[in-house]
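Accompanying notes for the structure given below.
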Amino acid sequence: MNEITTIRPSTPKDWETDQEVRWCPGCGDYAILKAVQRTMPEIGGTPENTVFVSGIGCSSRFPYYMETYGFHTIHGRAPAVATGVKLANPELDVWIITGDGDALSIGGNHTMHLLRRNLNCQVLLFNNEIYGLTKGQYSPTSREGTRSPSTPFGSVDHPAKPCAFALGSGARFVARGIDVHKNLPSVLKAAHAHQGAAFVEIFQNCIVYNDEVFEPFTAKPNAQANQMWVAHGEPLLFAGGTKGLALDTETLTLKVVDVVDGDTSGVIVHNVKNRAIAHLLVEMPFGPFPMALGVIYDDPAPTFESAVVAQNQAASEGKKPDLQKLVAKGQTWMVDKQPHAI
Amino acid sequence: MATAAHTLTPEEASANPPSEAVVVRFAGDSGDGMQLTGGQFTLSTALTGNDLATFPDFPAEIRAPQGTLFGVSAFQINFGSISIETAGDQPDVLVAMNPAALKTNVDALKPGGLIIADAGEFGQRNLDKAKYTSNPLEDDSLGKWQLLKLDISALTVEAVKPFGLGNKEALRCKNMWTLGLALWMFDRDREPLIQWLKDKFAKKPELAEANIAALNAGHAYGETAELGAMGIAQRNVAAAPAEPGLYRTVTGADSIALGLVAGAQLASLPMFYGGYPITPASAILHALSRLKEFGVTTFQAEDEIAAIASALGASYAGSLGVTCSSGPGIALKGEAIGLAIMTELPLVIVNAQRGGPSTGLPTKTEQSDLYQAVYGRNGDAPVPVIATRSAADCFDCAIEAVRIATQYMTPVMLLTDGYLQNAAEPWKVPDMSSYTPFPVTHHTELPPEGEKFLPYARNEKLARPWVKPGTPGLLHRIGGIEKAVDTGNLDYSPKNHQAMTDIRRDKVLGIDVPDQVVGAGQAGGKLVVVGWGSTYGPITTAVRRARTKGLDVSHIHIRHIWPLPKNLGELLKSYDHILVPEMNTGQLKTVLRDQYLVNAVPLNKVSGQPFTIAEIEAAITRHLSSDAAEELGPDDTQLPSTEAVNP
């Protein structure tokens, strides 16, 4: 059995478990699972050094289907559990699988702190804009007016924008992908290559409770016109290169410009280290603007676990852990005489 | 000393035996440095070889408005040449730094006791704030006590004059002046304190010198003033008999921290501590965060839930996960404790109990989280529960918690309380070589060829293997959904849930808990007083006194709350009467009744203050003839320094 762990590169098949996958037929989660299993060999992952940590929800069943170490925790708390895992063993490759309710409602606090601390891990947020496992209530990312069992007259609250939340929390890597899109593995690879917390919002279609909610940009006829896959050093173009994004310098907002004869002058050139561009892209309203996809922001900073390890080492420098000395610390006194009855 | 002029009634003598023990209470404004004064007096007392117990009692407000009744901070110490188990029922000496301190504490003082008051603070403004209509130092209202009124403020300002401090800074040395006088009264060596002040103010030598001058001036005042004529003599309390060896003082918080480190070392594990600040548990986080060379990683999480969840994640990754909190925080951790039960990972959860429910009484003590510890989770969720009885005992209890957690792959709840967290007592420094290590070896063995690894297979203790992620060939997934026997795969089937629920219960019930011993007295007899936690001190002393009087009463103090010791039922049934004093409305009482169908009778006190010895002693006398349940109200004579006196 030891032989398995030797040099042979893994294949996607090596990352599949014997467990029967229990998502609804047609669920976007299947495609994401395949994409992750395809990505793992490409990044040179080893199953025994990989840990998938999830919370609660449809997406959070994910670890059961990955032939790695896995921890299916409790609702919203995956980032906190993952923090303990990574601090206890920084060598592990930690992936957090979460959903819109798990990461932004019940677990919003943990998501925020994981991102600001910059724990070196990947956060894959499967956003289907609905609570699937509890049978279809609206979620924190549901659009206003979403009719659901708990909002029969339509939801009235404003949705959270996952990538804007992540940037606002201090994330150093923010990306977007689509469950069934061929680019998803390359986004995941970039997320893994990033040292620090890498936040990936994956638009995931819930075929039962929120079907086709992303059709305006995911459906084949709409894709070309409304998807804008961004790339570092390339102009922000969409609609087959016929349109681009420029900065309206009067209002400091984005504007769509027509690109004629390939003349991209005035079109913003994407820079993954430019936080201002990232903010503009994730806040961009869909409709008047396309959906920005791919690696929106990627500017590494020192990771939390490396800082913790460094401080632990520095504080231990030159100190011998002597338990006997420790318990005898402080001011002490000797009692010499024999005890007698009180 | 001060009580010499007062003839004790037999009742008083029993409540507080003369001469061998003295109770001193320092009370002042929360800005007066009373906790620091008390702490240093404690150290000097310990160095003299007295046995001692302390009770710091302070308001929840960090800096309550000056001079107010609710802003009074007090520190009580009981020390003597005999075995001391509690901070004492009634002080012999009260140091009152202002009118509010006097008003809130004087009723506790023993008749004939000595009041040392800073007359310089008894101006009209402060008298008004303390709601005195006339100056108690001038009218006859303090007639049943001895009164020593000194203008400590003026004397201090005079003493520190050469150091050129401003008036405000000069007055801050008042506590050192007072401490100097107290050191004189009990014939103590000033040298350790002088050294401590030099270290503390190493960067501000002028402050060190001023404080030392104040200390010396207070001491000199005792030597030179004619205090003898007022019946106040210097008093030497002999060292208490103790087992030979090296001693130090320790608070419960320090003792827990040391015990957790020792436990992790005995288990050969790195420790991961996830914590969130909460009174009175934070001191453990503070202590551990300085011990990184022992393989301790501390993590201040974003909330109580993240604190325990991160600790559980660290346990999953192979470290010893630890989290500490107080009742409200433990409530938040409930779901994660369930996850630890379901995933069968080791985890130590410390609850420093405080008055509840909700925010309750953050700085006051109570032991009302026993139900929460034993029963407070969704589902059938058994957790071993251990309760500490004294500051020194916290050390061994913490080691025991680590042992059970790692040997049985289970979360363990360790109960302590606000009183124990802050209270100091002498501690014989343990010989670490006398502790048997219980090293953990994570499971790395591959299953036989052609067989699958079974993450929920069990050993003779019903513990499952602990496999660290990173181990080749043993990949598996765990989680909060019901696990299939052996394989750990998801399984909702009725038979499996029954089997797994039974296993989780049997595993915890099968823990090798030592048999219950009788602390004082014997198996069988008329009455047994059954306690747990920090009531150990008053119960021990009360039972000892009752037995001296010839009463047939024994004392059982339970450390293992769950599972209970196997011999406990038979033991309890060997007595005619069972009395259970608790700082709650009868929680252990309910468990004992449920488990053994015995007539355990409660003696309850929920005033945020520990039991006095006298209260328990009186209850013993009554219960030898009657089985009526009792609820004690707050006791006027006891530690009321910061009871609810709202502005």
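Protein chains get the first letters and strands the later ones, always in sequence-line order, with residue 1 at the start of each. All values below come from the heavy atoms of this structure, side chains included, with hydrogens, waters and symmetry mates left out.
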Checked Tyr316(B), Tyr247(B), Trp427(B) vs chain A; the most non-hydrogen pairs under 4.5 Å come from Tyr247(B)

Chain B shares the most heavy-atom pairs under 4.5 Å, among Ile74(A), Asn89(A), Thr83(A), with Ile74(A)

Checked Val296(B), Ile305(B), Asp254(B), Thr48(B) vs chain A; the most non-hydrogen pairs under 4.5 Å come from Ile305(B)

Rounded to the nearest 0.5 angstrom, the CD-OG1 distance for Glu48(A) and Thr471(B) is 8.5 Å

Note: vs chain B, highest number of non-hydrogen pairs under 4.5 angstrom among Ala88(A), Gly70(A), Pro47(A) is Gly70(A)

So, the part of Asp18(A) with a heavy atom under 4.5 Å from chain B: the answer is side chain

In short, Pro426(B) meets Trp333(A) closest at the heavy-atom pair CB-CZ2, 3.9 Å

Turns out that what part of Leu339(B) lies under 4.5 Å from chain A's heavy atoms comes down to side chain

Among Leu258(B), Asn489(B), Leu312(B), the residue with the most heavy-atom pairs under 4.5 Å to chain A is Asn489(B)

Cut-off 4.5 Å, heavy atoms of chain B, and the answer for Phe304(A) is side chain

Filtered by a 4.5 Å non-hydrogen cutoff, the part of residues 113-126 of chain A contacting chain B is His113(A), Arg117(A)

Honestly, the part of Leu474(B) sitting under 4.5 Å from a heavy atom of chain A is both

The single option from His476(B), Lys468(B), Arg477(B) that satisfies side-chain contact (heavy atoms from CB on, under 4.5 Å) with Tyr69(A) is His476(B)

Under 4.5 Å to a heavy atom of chain A? For Ala307(B) that would be neither

Counting heavy-atom pairs under 4.5 angstrom with chain A, the leader among Gln265(B), Met342(B), Glu293(B) is Glu293(B)

Counting heavy-atom pairs under 4.5 Å with chain B, the top scorer among Tyr64(A), Phe52(A), Phe71(A) is Phe71(A)

So, the part of Ile478(B) with a heavy atom under 4.5 Å from chain A: the answer is both

Of all heavy-atom pairs linking Val85(A) and Ala317(B), the shortest is O-CB, 3.8 Å

If one checks every heavy atom of Phe299(B) against chain A at 4.5 Å, the contacting part turns out to be side chain

Nearest heavy-atom approach of Arg61(A) to Leu490(B) is NH1-CD1, 3.8 Å

Distance col, row Met66(A):CE vs Leu475(B):CG, nearest 0.5 angstrom, shows 10.5 Å

When the 4.5 angstrom heavy-atom criterion is applied to Phe294(B) and chain A, the contacting part is both

Rounding to 0.5 Å, atoms OG1 (Thr111(A)) and CD (Glu302(B)) come to a distance of 9.0 Å

- [ ] Count the heavy atoms of every other residue, nucleotide or ligand shown that sit under 6.0 Å from NZ of Lys452(B), and state whether that count exceeds 12.
- [x] no

Okay, Glu335(B) and chain A: the region with an atom under 4.5 Å from a heavy atom over there is both

Whatever's closer than 4.5 Å to a heavy atom in chain A on Leu345(B) counts as side chain

Given Thr46(A), Asn49(A), Val53(A), Asn109(A), the one with more heavy-atom pairs under 4.5 angstrom with chain B than any other is Asn109(A)

Residues 305-319 of chain A vs chain B, non-hydrogen distance cutoff under 4.5 Å, contacting residues -> Val308(A), Gln311(A), Asn312(A), Ala315(A), Ser316(A), Lys319(A)

Bottom line for Ala262(B): the part with an atom under 4.5 Å from chain A's heavy atoms is both

From the list Gly274(B), Gly318(B), Ala46(B), Ala301(B), the residue making the most non-hydrogen contacts under 4.5 Å with chain A is Ala46(B)

Bottom line for Glu91(A): the part with an atom under 4.5 Å from chain B's heavy atoms is neither

query: So does Asp199(B) have more than 12 non-hydrogen atoms from other groups sitting under 6.0 Å from CG?
result: yes

- request: Please confirm whether the backbone N or O of Pro430(B) pairs with a side-chain atom of Gln324(A), one donor and one acceptor, at under 3.5 Å?
  value: yes

If you tally heavy-atom pairs under 4.5 Å between each of Asp303(B), Leu291(B), Thr297(B) and chain A, the highest tally belongs to Asp303(B)

Counting heavy-atom pairs under 4.5 angstrom with chain B, the leader among Val51(A), Thr17(A), Thr68(A), Thr50(A) is Thr68(A)

So, the part of Leu326(A) with a heavy atom under 4.5 Å from chain B: the answer is both

